[in-house]
Amino acid sequence: MELDYDRLVALRKQSAAWRLLTANNAALMLSFLNKVFVEQGARSVAGVELVERLDDELFALNERLGHGTFPQSAKAYLDDWAAPGNGWLRKYYPPDSDEPHYDATAAVEKAISWIRSLEERSFVGTESRLNTIFDLLRQMTFGTETDPEARLAELARRRHEIDLEIERVEAGEVDVLDSAALRDRYQQVTDTAHGLLADFREVEANFRDLDRDLRSKIAAWDGAKGELLDEVLGSRESIAESDQGRTFQAFYDFLLAPSRQDELKTLLAEVEAMEAIDEPDPRMRRMPRDWLEAAERTQATVRQLSDQLRRFLDDQVRSEDRRVLELVRAIETQALALRDVPGVDLVAEIDAATPAIALPMERPLYTPLVKTPIDSTSIEAGDEEFAADALFEAVYVDPARLTAAVHDALGARTQVSLAETLREHPLEQGLAELVAYFALPDDGFATVFDDHRQEEITWIGEDDVQQVATVPVVTFARINPGIAWATDQKKEGR
C-alpha cells in the first residue's frame with residue numbers, strides 16, 4: 001500500500017485503530033482491553049462482569065493518580081468505547097440472552113500490536129526469520145513449478161542434504177542449536193502465534209460484515225425467494241472461495257486434526273522445558289485452545305447466515321399463507337354481495353376438493369435394510385431346574401454418565417472410537433453398559449456403525465473373569481452444523 005499524503009489523511013479519518021491511539025483515554029483503554037481480551041484470551045465477556053472489572057481498575061487508578069483522573073463511571077466508558085463512531089468494542093446480545101456482552105475488535109489488536117513494537121527488546125533474533133524467508137521462497141517456487149525434471153532435481157537436492165546429515169549423525173557429529181538460536185526461534189514462534197490469534201478477530205469481522213449486508217438485503221427484499229437464495233448463496237460461496245476463506249478453512253481443518261493437536265501440545269511442552277527458554281510466554285500454553293475457540297466463533301458467524309436465511313423463508317411462507325387467506329375472504333365477501341343479484345351465475349366446478357400434488361423430489365431415497373442372520377438349527381432343550389434369580393435382578397445403566405464419558409473422550413477432537421472411549425473409561429457394568437453405548441441420546445455427537453468391520457471389547461466380569469464381546473466398529477462423531485440446510489434449499493430450487 002502506497003503511503004502518500006491523501007491516503008494517510010483518509011486512513012486517519014477511517015481507521016478505528018488510529019483513532020484509538022489518538023484518543024484522550026488511550027492508555028486506559030489499551031491497558032484494560034489488553035489485560036482482558038489479549039493477555040487472558042477472552043472472546044466474549046458479559047456486560048456486568050466487564051463493568052465490575054473496569055470499575056475496580058478505575059478505583060485503583062484514581063487512588064494512585066488522584067480522584068478525578070477518570071471521573072466517569074465504568075459503564076459510561078464502555079458505552080463510549082462501543083459507540084458506532086469509535087468501534088473499539090463490539091456490544092451484542094448472544095442468542096437466548098437479554099444481557100449485553102462485549103468483545104474487542106480487530107482495531108484493538110492492531111493498536112496493541114503497534115504499541116508492543118515500540119518497546120525496546122533486549123534480544124532481537126534475525127536468523128530464524130531469514131531461514132523462514134528462504135523456506136517460503138522455496139515453497140513458492142517449488143509449488144508453482146510444472147516441469148517434472150525441475151521438481152525431480154529439487155527433490156534430489158533435498159534428499160542429498162538429508163543423506164549428508166544422516167552421515168554426520170552416524171559419525172557422531174550432531175549440530176545442536178545454542179541458547180541464542182533457541183531464543184531467536186521461540187521469539188518468532190510467539191510473535192506468529194499471537195499475530196495469528198489477532199487475525200481471527202479481523203476474519204470474524206469480515207464475516208459479520210457479510211451477515212450485516214445479508215440482513216439489510218433481506219429486510220428490503222420484495223422479490224422472489226429463489227432469486228434471493230441464489231444471490232445469498234453466491235455471496236457465501238464467493239467468501240468461501242476467496243483467498244482469505246480458503247486459507248481460513250485450511251487452517252481450521254489442519255487445527256482440528258487430533259494428531260496435529262497432540263503434536264502441538266507435546267512440542268510446546270518440550271520447548272518450554274528447555275533451559276534456554278528461561279521465561280516462557282504463559283499465553284503459549286493455552287494458545288491451541290484459544291485458536292480453537294476463535295475459529296469456532298468465526299464458524300458460528302458463518303452459521304448465522306443460514307439461520308437468518310431460514311427465518312426469512314419461514315416468514316415469507318407465513319406471509320404468503322396470510323395473503324392466501326385474505327384473498328379467500330375477499331372472494332367470499334364478493335360472492336355474498338352478488339348472491340342475490342339476478343342474472344349472476346356464481347356456480348363453479350372443480351375436479352376434486354383436495355387435488356393431490358406429488359413432487360418427485362419429495363420421494364425419499366431407498367435405504368437398504370440390514371438383516372442379521374439367525375441360526376436356529378442347533379437349539380437344544382434346556383434344563384427345567386435352574387436358578388431364575390438372575391432374571392429378576394434389574395441392572396440400570398445411567399446414559400448421562402456414558403454421554404459425559406464420550407464428551408470427555410472427544411475433547412477437542414472431531415471423532416473418537418468406542419474402543420478409545422472405553423480405554424479412558426472402562427466398563428463398570430459389563431455387557432449392559434456396552435449395549436447402552438450403542439444408543440446414547442445426545443445432540444452433541446452422532447453414533448456411526450461400521451458393519452463391515454468388527455472389533456473385540458474386553459472387560460473384567462464377576463469373579464475377576466475376563467469377558468470378550470465382538471461388536472461392529474463404533475465411532476462417535478461431533479456434530480458441526482454449517483450451511484448444509486441452505487445448500488439443500490438451493491438444490492431443491494426453493
Side-chain angles (χ1 to χ4, degrees), residues 16-116 119 193-194 197-205 207-208 211-212 281-301 304 412:
W18 196 321
R19 291 197 304 270
L20 191 155
L21 293 172
T22 57
N24 295 330
N25 297 321
L28 172 64
M29 270 188 292
L30 291 173
S31 61
F32 179 72
L33 298 181
N34 174 68
K35 183 187 303 181
V36 176
F37 294 101
V38 179
E39 291 184 355
Q40 298 179 4
R43 305 289 297 187
S44 179
V45 181
V48 176
E49 179 184 352
L50 194 62
V51 168
E52 182 179 353
R53 297 181 64 172
L54 180 57
D55 189 64
D56 295 339
E57 184 79 9
L58 294 175
F59 178 80
L61 291 175
N62 285 326
E63 285 289 325
R64 183 166 58 89
L65 302 177
H67 293 283
T69 304
F70 299 103
Q72 299 183 18
S73 64
K75 186 178 183 305
Y77 281 114
L78 293 179
D79 291 339
D80 179 58
W81 300 346
N86 294 326
W88 302 318
L89 280 180
R90 185 171 74 95
K91 182 180 180 180
Y92 66 101
Y93 290 85
D96 302 329
S97 176
D98 56 356
E99 180 183 357
H101 283 58
Y102 293 88
D103 188 14
T105 62
V108 175
E109 295 276 6
K110 293 179 181 179
I112 293 176
S113 177
W114 185 77
I115 291 296
R116 290 183 181 276
E119 297 180 350
H194 297 156
L197 186 61
D199 290 341
F200 272 111
R201 295 189 188 274
E202 190 167 2
V203 174
E204 182 182 351
F207 282 120
R208 279 200 305 272
D211 180 61
R212 189 180 300 109
D281 191 338
R283 291 181 295 174
M284 290 298 297
R285 300 175 185 175
R286 63 172 188 272
M287 191 61 66
R289 183 195 63 190
D290 292 343
W291 283 343
L292 282 174
E293 292 179 357
E296 179 57 31
R297 285 177 58 86
T298 306
Q299 292 286 51
T301 303
Q304 289 180 0

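Please read these numbers as outputs of a predicted model, since none were measured by experiment.
For the side chain to side chain donor-acceptor pair (under 3.5 Å) test, no residue two or more places apart in sequence or in another chain qualifies with S113. For D56, there are no side chain to side chain donor-acceptor pair (under 3.5 Å) partners, not counting sequence neighbours. Y93 pairs by the side chain to side chain donor-acceptor pair (under 3.5 Å) definition with nothing, not counting sequence neighbours. Taking I115 as the reference, L21, L30, L118 meet the side-chain contact (heavy atoms from CB on, under 4.5 Å) condition, with sequence neighbours excluded. Applying the side-chain contact (heavy atoms from CB on, under 4.5 Å) test to S31 and every residue at least two apart in sequence or in another chain returns nothing. In terms of the side-chain contact (heavy atoms from CB on, under 4.5 Å) criterion, residue partners of D79 (sequence neighbours excluded) are, by chain and number, K75, K91, Y102. Under the rule for a side-chain contact (heavy atoms from CB on, under 4.5 Å), A27 has no partner lying at least two apart in sequence or in another chain. Partners of R19 under the salt bridge (Lys or Arg N to Asp or Glu O under 4.0 Å) rule, at least two apart in sequence or in another chain, do not exist in this structure.
The structure places OG of S44 at 9.5 Å from CD of E49, a figure rounded to the nearest 0.5 Å.
Residue pairs that meet the salt bridge (Lys or Arg N to Asp or Glu O under 4.0 Å) test with at least one member in residues 26-37, sequence neighbours left out, are K35-E57.
Heavy-atom minimum distance, A46 versus E99: CB-OE2, 3.4 Å. Summarising the geometry of L54 relative to A74, their closest heavy-atom pair is CD2-O, 3.5 Å, with the distance given to 0.1 Å.
Residues L89 and Y77 have side chains not in contact (no heavy-atom distance under 4.5 Å, counting atoms from C-beta outward). Contact of the R116 side chain with the N34 side chain is registered, since non-hydrogen atoms from C-beta on lie closer than 4.5 Å.
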Under 3.5 Å, sequence neighbours excluded: what are the donor-acceptor pairs made by side chains of residues 59-67?
unit_1: N62; atom_1: OD1; unit_2: F70; atom_2: N; d: 3.1
unit_1: N62; atom_1: ND2; unit_2: L58; atom_2: O; d: 3.1
unit_1: N62; atom_1: ND2; unit_2: F70; atom_2: O; d: 3.4

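Judged purely by atom type and a 3.5 angstrom limit, W88 uses its side chain to pair as donor or acceptor with the backbone of A16.
With L33 as reference, V108 is the one residue of L50, V108, T105 to meet the side-chain contact (heavy atoms from CB on, under 4.5 Å) rule.
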